[in-house]
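Have a look at the structure below, then the notes.
The structure presented is a predicted model; accordingly, all values stated were derived computationally and were not measured. One-based numbering along the sequence shown.
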Amino acid sequence: LIYYVIVQIVRRKKFKADPERLTSFIWMQRDGKSLIGRWMKVFGRKYEIFMFGILQLIFTFVVMLPIQLLHHSYVLHTGFVLSILLLSAWNGSSFYFEVFSKRYQAQLKEYEQEWQVVSEALKTSKRSGESPYVGPPK
């Protein structure tokens with residue numbers, strides 16, 4: 001309810017004026033492929049904000065269901081926290097590997113292009129009989 005009041009009533013003009021400023025509602029509204037984005041449009045454009053609110057409410061209750069179980073069980077709580085830690089480490093390392101491997105591949109391509117230029121210069125200088133060595137300036 002607070003989200004609705006702030007985003008759809010109080011700051012509505014500000015969000016509509018700046019297309020770069022995204023709210024979760026606008027994000028879901030634009031994403032027609034996601035399940036929530038499609039469910040929001042079930043009753044038409046007029047009821048999208050209402051459906052978003054209902055879906056958000058359902059999501060909130062579903063996420064809150066295991067809280068009592070995790071609160072009362074040390075083993076489940078510890079397992080849950082460890083799984084979050086492991087998933088975070090996995091996501092971080094995957095991101096690190098993907099980003100830096102792409103940078104490394106780009107760097108290798110640059111070196112390959114430089115090597116081609118140098119090897120072409122060497123071939124040309126061998127054919128002409130010139131020394132490929134360029135000494136210090138005189």
Side-chain angles (χ1 to χ4, degrees):
L1 186 61
I2 293 171
Y3 174 86
Y4 177 81
V5 169
I6 291 172
V7 173
Q8 296 298 328
I9 297 172
V10 176
R11 304 193 114 208
R12 181 183 187 116
K13 289 179 185 175
K14 193 170 196 169
F15 287 118
K16 286 201 176 215
D18 185 7
E20 294 292 317
R21 190 179 297 237
L22 289 178
T23 62
S24 56
F25 172 71
I26 294 170
W27 181 269
M28 292 297 175
Q29 189 181 35
R30 289 181 186 173
D31 187 15
K33 295 178 183 177
S34 74
L35 187 62
I36 294 175
R38 285 182 286 168
W39 283 1
M40 282 173 53
K41 295 172 177 65
V42 166
F43 296 112
R45 195 145 180 91
K46 185 178 178 182
Y47 295 104
E48 277 184 340
I49 189 69
F50 176 74
M51 284 302 294
F52 176 76
I54 296 295
L55 293 170
Q56 189 70 34
L57 186 66
I58 292 169
F59 175 77
T60 301
F61 282 124
V62 168
V63 169
M64 291 171 87
L65 286 174
I67 289 175
Q68 282 295 333
L69 189 60
L70 292 174
H71 180 70
H72 292 294
S73 172
Y74 177 79
V75 173
L76 288 176
H77 181 263
T78 304
F80 181 71
V81 170
L82 285 175
S83 66
I84 290 173
L85 228 140
L86 289 172
L87 282 171
S88 299
W90 177 265
N91 285 338
S93 62
S94 297
F95 174 79
Y96 183 84
F97 185 75
E98 287 176 22
V99 168
F100 286 102
S101 67
K102 287 178 184 176
R103 287 183 187 171
Y104 181 69
Q105 287 174 351
Q107 194 175 28
L108 285 177
K109 284 182 183 180
E110 287 178 25
Y111 290 149
E112 183 181 359
Q113 290 171 351
E114 288 176 14
W115 177 249
Q116 286 175 352
V117 169
V118 169
S119 65
E120 194 61 40
L122 285 172
K123 287 178 188 176
T124 305
S125 65
K126 282 183 183 178
R127 282 189 228 134
S128 65
E130 298 174 7
S131 171
Y133 174 72
V134 177
K138 294 182 182 179

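Under the side chain to side chain donor-acceptor pair (under 3.5 Å) criterion, His72 pairs with Gln68, not counting sequence neighbours.
Phe50 and Ile58 fall within a single hydrophobic cluster, where Ile, Leu, Val, Met, Phe, Trp and Tyr side chains are chained together by heavy-atom contacts under 4.5 Å. Under a hydrophobic clustering in which Ile, Leu, Val, Met, Phe, Trp and Tyr are joined whenever their side-chain heavy atoms come within less than 4.5 Å, directly or via other members, Phe80 and Leu76 fall into the same cluster. Placement of Trp90 and Val81 in two distinct hydrophobic clusters is found when ILVMFWY residues are connected by side-chain heavy-atom separations under 4.5 Å, directly or transitively. Hydrophobic clustering keeps Val63 apart from Ile84 (ILVMFWY residues linked when any side-chain heavy atoms are closer than 4.5 Å, directly or through intermediates).
Proximity of a side-chain donor or acceptor of Ser73 to a complementary backbone N or O of Leu70 within less than 3.5 Å is not detected. No donor-acceptor pair under 3.5 Å is formed between the side chain of Thr78 and the backbone N or O of Val75.
Taking OG1 from Thr60 and CG from Leu65, the interatomic distance works out to 11.0 Å, rounded to the nearest 0.5 Å. With rounding to the nearest 0.5 angstrom, the CG atom of Leu108 is 14.5 Å from the CZ atom of Arg103. Glu114 contributes atom CD, which lies 11.0 Å from atom CD of Gln116 (distance to the nearest 0.5 angstrom).
The minimum heavy-atom distance between Phe52 and Met40, with the atom names listed, is CD1-SD, 3.8 Å.
Note: Tyr96 and Phe100 have tilted aromatic rings, judged against thresholds of 30 and 60 degrees for the angle between ring planes.
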